[in-house]
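The next block holds one structure in the form of structure tokens; read it before the comments.
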Amino acid sequence: MATEKNLLLIDGSSIAFRAFYAMYNQLDRFTNAQGVHTNAVLTFNNMLDSLVDTMQPDNILVAFDRSGGTFRTKKFSDYKGNRDRAPEELLEQLPYIKRLLDDHGMAHYDLQDWEADDIIGTLAKQAEAAGWTVTIVTGDRDLTQLATDKVTVQVTKKGVGELEAYTPAHIQDKFGLTPKQIIDMKGLMGDTSDNYPGVSKVGEKTALKLLLQFGSIENLYAHLDDLKKSKMKENLINDQANAFLSKDLATIRQDAPLTIGLEDTAYTGPDIDKLRALYTELDMRQALNKLNKQAPQVQPDLSYVVLDDSNLAQVTAISEPISFEIEMLTENYHTAEPVGFFIGTATQTYVSTDVTLLTMPAVKAWLAQKQDIAVFDAKRNIVAGTKLGLVLDHIDFDVLLASYLLNPDQNSNDFGQIAQDHDYQLEFDVDVYGKGAKLKLPEESQLFQHFARKSAAILALKPHLLQDLDDQDQTSLFTQMELPLAKVLARMESTGITLHQATLTQMGAQYAQTIKVLEEKIYAEAGLEFNLNSPKQLGEVLFEKLNLPVIKKTKTGYSTSVEVLEQLRTASPIVQDILDYRAVSKLQSTYVKGLLKAVLPDNKIHTRYLQTLTQTGRLSSVDPNMQNIPARGDGKLIRKAFVPSQPGWQIFSSDYSQIELRVLAHISGDANMQEAFKEDRDIHANTAMKIFKLDSPDQVTPDMRRQAKATNFGIVYGISDFGLAKNIGITRRQAKAFIDGYFEQYPQVHDYMDKMVALAREQGYVETLFHRRRYLAQIHSRNFNQRQFAERTAMNTPIQGSAADIIKVAMIRMQQMLADHHLQSRMLLQVHDELIFEGPEAEMATLAELVPKVMDSAVALAVPLKVESSFGPTWYDAK
DNA sequence: TGGGTCACG
DNA sequence: ACGTACGTGACCCAC
């Protein structure tokens with residue numbers, strides 16, 4: 001029985017092409033681990049989703065062109081003859097697009113000798129005859145000729161984001177033509193993209209005029225005599241054959257010998273498991289997330305036991321490995337309240353919202369000695385545990401840390417995401433708890449179910465991740481470095497550093513004065529009041545009102561950065577005032593106000609170190625960032641506010657000197673550079689002698705040393721002559737000479753650079769001394785910038801990352817050393833190559849002896865590690 | 001939410 | 001012919 005159905009016909013080839021180019025600039029951002037591009041698959045997929053959403057089709061068919069000729073090429077051998085072969089990056093995606101369609105339950109079809117257009121035309125006709133409604137989606141306006149009362153043609157606009165609906169009425173409005181007359185128009189105009197000629201000099205305007213008058217090509221030629229003598233008439237006569245040929249070529253056939261029928265186009269709906277597998281294979285994260293949200297994998301409810309005073313003995317009787325978590329809903333665990341906990345085994349999960357159960361003597365003692373505790377985010381749990389007075393000394397597995405080491409890109413702090421990255425389905429915290437204003441504790445049963453699933457996920461992922469770590473030679477990095485470090489960091493964070501608030505408040509009052517004076521002065525100089533903090537408004541004032549020369553532009557307007565302003569300093573007195581204003585207001589908003597906002601009731605700042613964020617293995621620091629406290633200029637005074645927590649104590653600081661260059665000397669094996677360090681020479685002066693070809697250190701001027709220093713830095717960053725030139729204000733030619741000289745003097749450094757890039761190309765990743773890995777997918781990019789960036793990263797990451805490894809080892813040993821010597825002193829902060837402590841004045845001499853010892857012996861390199869120390873009553877003085 | 005700016009190693 | 005130094009986080013404005 002024929003019911004009226006809704007048929008969606010998609011011009012697959014045309015949409016794939018548009019999808020590919022719509023995201024062409026992002027081409028290399030979207031590849032899977034095997035390097036297969038996915039930008040077209042992704043866009044195509046999004047489009048399918050939105051079409052199904054808006055149209056609710058009963059039937060779908062996606063038509064594709066076949067490679068090789070068609071009946072049109074037989075009629076006209078140049079048909080589409082000007083087309084380049086589609087790029088490889090698109091071709092490789094076509095099989096995936098077809099798989100995508102299969103998995104979505106959508107039919108697709110192609111036919112030897114026929115184009116997608118003809119397949120669509122034929123089915124549209126059949127569907128219309130059956131009384132169906134048809135929507136055609138294409139990027140090609142030729143198909144609008146198929147529009148009827150029952151057939152709407154949706155043509156993509158602006159990439160693929162928008163569709164324009166061509167109904168007969170819309171075509172009438174737009175061109176004054178019927179859909180069929182579109183064919184006549186093409187016949188007269190020809191089509192450059194399909195490479196057929198039409199009539200010379202006839203474009204859209206002329207074609208429309210002729211068709212309004214004559215209705216069709218046939219009628220036009222029947223009444224050609226009615227036209228006055230003109231060049232156009234001559235062209236029409238000369239190109240008559242072309243006009244008819246072109247019309248024929250432009251006509252979409254509706255009688256293709258299809259081997260399928262309407263009944264084969266039924267939309268059967270997606271196969272979720274297959275789609276999930278495909279998205280996973282292609283690393284289509286966003287699609288995977290959406291899918292999992294729409295169709296969460298049906299998981300049977302897991303059992304759990306709600307703990308209370310009466311059944312705690314069940315927990316303390318557990319002797320097998322466990323999962324563990326103290327759950328908090330907000331990111332900052334220093335301020336968060338725990339909302340519950342779980343303890344899980346392979347067979348059962350024990351849950352409660354009452355964390356005081358953990359502090360019951362029996363449980364506490366059991367936890368303290370418990371081995372084989374596995375968690376998601378060790379540091380978070382240790383800090384939360386510490387607040388409850390718990391000792392969690394034997395956390396021996398952390399899903400988050402393991403995942404990060406396996407691939408630093410996989411560092412989401414949402415367990416659901418991490419689980420998904422490892423092909424394990426787990427609800428995202430965001431979906432269970434909400435976020436922002438909608439953050440709230442779910443019903444108890446839902447909370448406990450989530451706990452049970454997390455527990456299961458931890459225990460299920462553990463063996464796989466351990467195996468993967470072993471395969472990547474990272475077991476020791478995991479168990480000997482990152483896990484012990486989590487504990488050390490937890491201790492540092494929990495300890496916190498004392499902030500003398502009055503010092504900052506007083507500085508703040510001073511700054512406020514200065515800011516006010518500068519503001520008024522600047523407004524007077526500008527002749528108007530405006531928002532000084534708005535680069536946009538400032539740009540308008542400087543470059544439009546005051547007509548200062550434009551030095552540099554940004555994406556959005558004029559650049560007003562320091563480099564620009566410094567060049568304009570002499571052009572107007574307002575510039576210096578703005579520079580001063582910027583400096584003071586930065587100190588005021590970020591450091592005075594920002595730091596005061598972060599003080600907790602114990603008068604301390606408790607930063608959080610992100611252990612699983614950076615791509616190189618460094619730590620980062622947030623809430624507040626304690627790794628970018630001003631160290632130079634006036635801002636350095638901010639450091640006076642950081643004081644010891646007890647009277648009679650001091651701040652002590654040690655830092656590695658030139659650790660990255662020493663690491664470079666070691667891993668490159670460069671004899672000249674190693675010699676400089678072994679003899680404890682001033683490395684920048686040494687480099688200056690080399691690149692300026694001097695005979696003695698006495699000849700090195702301060703400026704030469706400065707330039708050599710910049711060159712040393714440049715080398716570490718994966719240098720370019722342009723970058724170096726810009727940085728130290730020399731010509732590109734000079735910069736190139738420096739670099740060439742550098743590599744001549746340090747030839748093995750040059751070899752190292754080449755080797756790292758080659759290695760990255762070969763294996764897709766580079767490694768640090770301790771086997772920390774960074775994948776560089778873009779190393780094969782066709783995009784020059786992205787590829788060059790990957791190459792620089794390949795050179796820099798082993799250097800920066802190995803330096804990060806070294807200080808991490810030192811920190812672990814430092815904690816041990818402090819304990820072994822029963823020192824009251826404690827480690828407070830890490831700033832990449834620097835460790836900051838506080839302790840009784842009486843211990844300063846001991847620290848001065850022991851801290852550098854621990855740091856310089858953390859690893860044995862081919863060159864010595866040098867450490868410098870100092871101490872004083874505030875952080876400012878410890879330098 | 002993204003961009004500009006600027007603080008750190 | 002291209003645009004360019006490596007790794008971070010916070011604040012502010014504008015959309």
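Chain identifiers are assigned alphabetically (A, B, ...) following the order of the sequence lines, protein sequences preceding nucleic acid strands; residue numbering begins at 1 within each chain. These numbers come from the heavy atoms of this one structure, side chains and all, not from hydrogens, waters or symmetry mates.
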Does the protein touch nucleotides 2-9 of chain B at the base, only the backbone, or not at all? Give it as B, S and - per nucleotide, heavy atoms under 4.0 Å.
-SSSBBSB

Whole-Å P distance, dG3(B) and dT4(C)
14 Å

Write down the atom of Met855(A), the atom of Asp833(A), and the distance for their closest heavy-atom approach.
CE-O, 4.3 Å

Taking a pair as Watson-Crick or G-U wobble with both distances under 3.5 Å, which nucleotide is matched to dA1(C)?
none

Is Thr793(A) touching bases, backbone alone, or none of the nucleic acid, heavy atoms closer than 4.0 Å?
sugar-phosphate

Rounded to whole angstroms, how far apart are CG on Asn712(A) and P on dC6(C)?
17 Å

Can you tell whether the side chains of Glu482(A) and Lys808(A) come within less than 4.0 Å, N to carboxylate O?
yes

If I take atom CE in residue Met753(A) and atom C1' in nucleotide dA5(C), what distance separates them, rounded to the nearest angstrom?
11 Å

Does Gln513(A) CD have over 12 foreign heavy atoms under 6.0 Å away?
no

Which whole-number value in Å describes the distance from Tyr609(A) OH to dT8(C) C1'?
13 Å

Does the pair Phe738(A) and Phe692(A) meet the rule for a ring pair (Phe, Tyr, Trp, His ring centres under 6.0 Å), with working shown?
CA-CA 8 Å; Phe738(A) 282 8; Phe692(A) 293 107; 5.1 Å; yes

Counting the atoms with a prime plus P, OP1 and OP2 as sugar-phosphate, which does Arg732(A) contact under 4.0 Å by heavy atoms, base, sugar-phosphate, or nothing?
base

Could you check whether Phe789(A) gets within reach of a base, just the sugar-phosphate, or nothing at all, counting any heavy atom under 4.0 Å?
sugar-phosphate

Between dG3(C) and dA7(B), how many Å separate the two P atoms, rounded to a whole number?
29 Å

Atom pair distance, as rounded to whole Å: CG in Asn796(A) and P in dT8(C)
10 Å

Could you point out which residue of Asp751(A), Val757(A), Val749(A) forms a side-chain contact (heavy atoms from CB on, under 4.5 Å) with Met753(A)?
Val749(A)

Base, sugar-phosphate, or nothing: which does Gly718(A) touch, judged by heavy atoms less than 4.0 Å apart?
nothing

Please report, rounded to the nearest Å, how far the C1' atom of dT4(C) is from the CZ atom of Arg792(A).
5 Å

Below 30° counts as parallel, above 60° as perpendicular, anything between as tilted: where do the rings of Phe642(A) and Trp875(A) land?
perpendicular

Please name the nucleotide paired to dC13(C) by Watson-Crick or G-U wobble geometry with both distances under 3.5 Å, or report none.
dG2(B)

Is the closest basic N to carboxylate O distance between Arg618(A) and Glu660(A) below 4.0 Å?
yes

Let me know the distance between NZ of Lys435(A) and C1' of dT1(B), rounded to the nearest Å.
11 Å

Return the value, rounded to whole Å, for the distance between atom CZ of Phe784(A) and atom P of dT4(C).
11 Å

May I ask you to say what Leu619(A) touches in the nucleic acid, namely base, sugar-phosphate or nothing, with a heavy-atom cut-off under 4.0 Å?
nothing

Shortest non-hydrogen contact between Arg773(A) and Pro408(A), atoms and distance
O-CG, 3.1 Å

dG7(C) phosphate, OP1 or OP2: any side-chain N/O from Ser620(A) under 4.0 angstrom?
no

Looking only at heavy atoms, which two atoms of Val663(A) and Ser802(A) are closest? And how far apart?
CG1-CB, 3.7 Å

What contact category does Val622(A) fall into here, base, sugar-phosphate, or nothing, at under 4.0 angstrom with non-hydrogen atoms?
sugar-phosphate

Of the residues in residues 719-730 of chain A, which ones touch DNA chain C at a heavy-atom distance under 4.0 Å?
Ile719(A), Ser720(A), Phe722(A), Leu724(A), Lys726(A), Asn727(A)

Nearest-angstrom distance from the residue atom CE of Met756(A) to P of dA5(C)
22 Å

Does the distance from a Lys or Arg side-chain N to an Asp or Glu carboxylate O, for Glu493(A) and Lys379(A), drop under 4.0 Å?
yes

